[in-house]
Every structure is written in structure tokens, then in C-alpha cells.
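Convention: sequence-line order gives letters A, B, ...; per-chain numbering from 1.
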Amino acid sequence: MSGGETLPLYQDEDASRYTVRLEVFEGPLDLLLHLIRKNEVDIYDIPLSIITREYLEYVKLMKELNLEIAGEFLVMASTLIQIKSKMLLPAIADEEGGEEEEEDPRAELVRRLLEYQTYKEAAATLAAGEMLGRDTYARKFAATELDEIQPEEEPVEVEMFELIEAFRKILDRVSEESFHEVGAESITIAERINDILSRLEGKESMLFDDLFPETFNRDYLVATFLAVLELCKLKMIKVVQANRYGSIWIAPAVVEEGTVESPEGAGADARA
Amino acid sequence: MPGLKSVVESLIFVADSPVSLDRLCALLEEFDRNDVRDALAALREEYGGEERGVVLAEVAGGFQFRTPAKNADYLRRLTRTRTAKFSQSALETLAIIAYRQPVTRAEIEYLRGVDSGGVLKTLLEKKLIKILGKKDIPGKPLIYGTTKEFLELFGLKDLKGLPTLKEIRELSETTRFEQQEELPLAVSAGADSDGDGGD
Amino acid sequence: MPGLKSVVESLIFVADSPVSLDRLCALLEEFDRNDVRDALAALREEYGGEERGVVLAEVAGGFQFRTPAKNADYLRRLTRTRTAKFSQSALETLAIIAYRQPVTRAEIEYLRGVDSGGVLKTLLEKKLIKILGKKDIPGKPLIYGTTKEFLELFGLKDLKGLPTLKEIRELSETTRFEQQEELPLAVSAGADSDGDGGD
């Protein structure tokens, strides 16, 4: 029925409409604010169902358009899904005897959105004011009157940033070996794809949240999310929801022969 | 001997950044501070007319001659004057730093929700922000603040001159959310066609 | 709409070289040449007073605001305290010494790849670096380090306040996100923030 709804697909007209907008978003918070405004919903009472779905649509669209997705968008996607799941939990909390006033799972997000909105507006106010070089001009060249006068003293003026930039440039030239990044590439999407598929093997479905262990880092989260998107795109899994406020489940999809492209080796063994 | 007002006018005109009263007094030590102040006041009056093409602005803690905004369209015709352009991310970051300084990169990124390293670097290069030092918390992160150039760019006298932040409607405690423990299904059902009674 | 005189005043003020009547007329094509000439004449009158600190001079076939010669002595005081900018080579050398001290001239030159004798001398004169002693290796080269003045210049309590290499690295990392094209201000300011009258 309608309850078990997979993420909708997109028409081309939508794509061209969205791409223009995508450039405007400064990040996940900006996108969320846009969705809240677009749907004319109360920011203090965000209907997560709608907003999460539309948010994921954008992210998926970005991916389908082969736009690079900043990790932050994916982190937020998972956050939204987690909040959504948490909102189902009060019943369980009550069992443990807690009449404590549990904070609304959305509270933190709402605070961030409000704060972001405040600064976004402040930025707009600043930009709308009189800006030097745009609305007002000062003389930005040395007065000819002073040309022939040699300064007698030279107090120096320099910022820390200039000093460290100078140093960085030297380091760039001289020794690359010493300042290497610690391997951030430890988790690959391919690994996560294989992991998800093997965990789904022989099962009808599993909870989306169960893809994430108790402790996970950002890279893990991002890779996992991208893996799920990739699997959706390849029609190898289905993302379903039991009801509108229900948990999100992933389930193996029936693959039609010949319609699937291999995700560069990663899914190759899993396809069989 | 030239009059004080004339000298002050010349000094402000020639200086390459706003000149404060203190600086004027230091440069003109043979004059009384009150007289310098009076000269400034007289100049402000003189350059304050509606029809002036040059005005005496008070910015970044000092005084500077500038053109009035209403003439901007004509000045853009001068080829050399480039219009200042700011990306939205630069403006947002700048606003956060201006209002929250001293602020760390992590704080900025929490508020913006995105990595802000590149923007910070650009703003540092443009001298609109500077490194103020390190915060005395574990990890000793760098802290950032705005510069005099920032004030000059936005024509602000000082940081107190920043437009007041639109007040955030306070999340009215838990009561607000308690009332909504049972989420109104109507909202989502209405927006999404056929609702099915899940539970 | 601003008056012609005001616009002419602004243009001459902002232009970085003398502006001729022809140039003015070309910039202000919607105005009559005679009117532009009249505006100029009125400005010359206004800026012609004995007691003005800024005068409208006719030089090199054009008009330019200048300070009167009689104020030159005072203006010299301004330049005397003009702040010197650091050369890139001075900054590089200073940075190497700050981060690698105690360091010899040979080591500095190895890192910079160029002779650094002149820069070292300048930095020593400015008291930003000092000779710490001699290194106990063949040839006994001098070793350099930074001074108290160096810390003061950068507002540092001690050398531990210098940003770490990791922090320097982080600052120069840019993400895709920040590299996006700059948005025209109109779009970023208006497009997304005020579509509807927000609740």
C-alpha cells in the first residue's frame, strides 16, 4: 500500500528546476530552511515526515545529477532519519518508569535552524547596508602630496595569518612528507555496499538504523549513506517505511536481469 | 599659519584609512584636544549637506571622506572601481564571526552546518577577519574576530554599530512540545494524499 | 535623483587621476555639457576658500582634489608614522625562525632556497629576531631566534601561542563547497530569505 513508499523517482523537468536552486543552498541547514518555508510549516513543529522525504529527494537528486555531495548533507540526512525514529520512542521510555520530561527529539535541530536563520538574516542585513566599494567610495590611492615624503620611522604591521601563510608556502615547497593527513579513506563506499548486502542476505528486511553501530564516526556515516543511495539507484535494495511515522527499513529488491550496472566492482560479487 | 580646521580636513583627506580623534590629537600635539574636536564637528557640519558629493563618515573608530550612496550608480561608470562582491557563504561566516567573536572554527561550522575552512581563509586573506589567539580549552583552537577593515567595509563606527540580531523566538520550554506529544497526523496526511492509520 | 554637482564632486574625488571636462561629459552623457561645466565652476568656487583643507586643483588638463601647499608640514607628520608592510621574504624568514628556532642562516637558506643575509639583517634591526649564540658544529654558525618584540607584534603570550602546523594545514584546505562560484548579492540576499512573510 501507500505506506511502504520507496523514495520517488524524478522526472527530467524536476531536475532542471532543482539544479538552479541547488546552487543557492549553503548547506543542509539552508536547504532545510528552504523546505520548511516552501511547505509553509511551523519551524517549531516540523513535520519530519514531509521534510525528511523532501530533503532526501534533494540529496538523491544531487547524486543523480552527479553533483558532488558535501558530507554535511549526508550527515544531516542521517540525523533527520534518526530524529524521526526517536520520535517513536516515548512509549519505550515510559516503560522504564521515566515520567521525565523528555526533550522533543527535534529541539536541537530547531535551535540550530533558528540560529542559522538569524545569522543568515544578519548576513543579508549587512549586505543590504552601505558597502565600501559598492555603495560608497573612498580614495584608495596614495595622495600625490605624500609621494616625495619618505617615512622616517617604520612601525610594522602584520597579521598572524600572513606569517603562517608564508610558512605554509615554504612547507609546500620543501617537505611534503612530514605533514600528511591521517588516513581518512579507511571506510570506502564499496566496503559498506558489500557489508549492507551481506547483512541483508537471507533476510526480508532490516532497520535502517541498524546499519549504524552504537559508535560511528562521520566518515562511516557518510559512506554508509552513500552506499544506501547507490544501492537504491542500482535497484538492489528498497527503502520502505511501515507507516508515515514508522521506522525506515531496507529490503533486498528483486533484480531484473540486465538492468543493473555494476558499481565499479563493488557490487560485482553481490550481484550474483 | 593655516587654521586647525583646514589642517584636520587635509589630514583626513590624505590618510589612507579612517583617522581617529586620538590619532589627530597625537599628530597635532600643539593644539588643544577640544579645539581638534570642534574642528571635526565643524567639518562634519560642512560635509553634511544633502547635496554634497563627498561626506565625512565616521567609520572604524575614525573619520574618512566617502561618497554618498545615492551617487554609487555614477561612480560605477569609472572603470577602475570594481564592485565588491561577496558570496553568500562569505557573508554568513562574516556575520557569525562579527556577532559571536571571539569564535572558533568549530563553532562557526556548527552554526553554519558546513565546513568553513575555505571561507575562513578567504576572509583572512581579505583581512576582514583575523586570528585573535587561541581559546583556553582542550585542543587550544584558534579564535577569530573581525578587523578594522571589516568595519570600514560595512561603514560601521564600531562593533556596537552592528545591526541588532533579529530576536530568536525562544523555544518556550518543554510545554510547547509536550502538548504535541501526539503528533497531529493531519499535517502529514493532508500534504501527502492518502493517509493510512498506521497504528 | 542626485544633483549633477554632487555627482561631479564624487567622480573627481574617487578618480585616481585628474578628470578632464571631456571625460566627465563622456561619463555623464545624459547631462548637457554646459551643465557639467557649470557644476565644475560651482565646485571650484566652493573649494576655493582660503581656509579649505581640500582644494579643487586643475592639473594635467583635468581636475583633482588636493591639499593646499601650506598644510604640507602637517601632512608630513602623517607619513612619518605610516606603517611599513612586510615583504614576503621577511615574512618567510620570520616564520622559519619562529617555528624552527634555534636555527642557523644555512638552515634558513636551505628552506627558502635563496640567500637570506639581507633579510636577516633587517629583522635583526627591527628587533624581531636575535642571535641566540653559536651552534656547536664545525664552523660555529650563529643561531637565531625570535624576540619579545616578535611576540608583541603578533599579540602572543609565548611561542606556544603560535598556530600549530596542523592548524595551518587546516586553514588552507578548501572544500568543494567553498569553491562554488560567487553568487551575485541580489540572489543570495533576496531570493531565499523573503519569499513569503515567514510565519
Bottom line for B:I12: the part with an atom under 4.5 Å from chain C's heavy atoms is neither

Applying a strict 4.5 Å limit to non-hydrogen atoms, the region of B:E46 in contact with chain C is side chain

Under a 4.5 Å heavy-atom criterion, the part of residues 59-69 of chain B in contact with chain C comprises B:F65, B:R66, B:T67, B:P68

Turns out that what part of C:K157 lies under 4.5 Å from chain B's heavy atoms comes down to neither

Bottom line for C:L28: the part with an atom under 4.5 Å from chain B's heavy atoms is both

Can you name the closest pair of heavy atoms from [X] and [Y] and give their distance?
X: C:E30; Y: B:R77; value: OE2-NH2, 2.9 Å
X: C:N71; Y: B:S10; value: ND2-OG, 2.7 Å
X: C:L11; Y: B:Y74; value: CD2-O, 3.7 Å

Answer whether the closest heavy-atom distance between the side chains of C:K70 and B:S6 falls below 4.5 Å.
yes

Enclosure of [X] [atom1] (heavy-atom neighbours >12, cutoff 6.0 Å):
X: B:E50; atom1: CD; value: no
X: B:D136; atom1: CG; value: no
X: C:E125; atom1: CD; value: yes

The reported gap from NZ in B:K134 to OG1 in C:T164 (rounded to nearest 0.5 angstrom) is 5.0 Å

Residues 111-150 of chain C vs ring-ring contact (aromatic ring centres under 6.0 Å, His included), sequence neighbours excluded, gives C:F150-C:F154

Show your reasoning for whether salt bridge (charged side-chain N to carboxylate O under 4.0 Å, His left out) applies to B:E51 and C:K5.
CA-CA 8 Å; B:E51 263 310 305; C:K5 196 179 75 175; over 6 Å; no

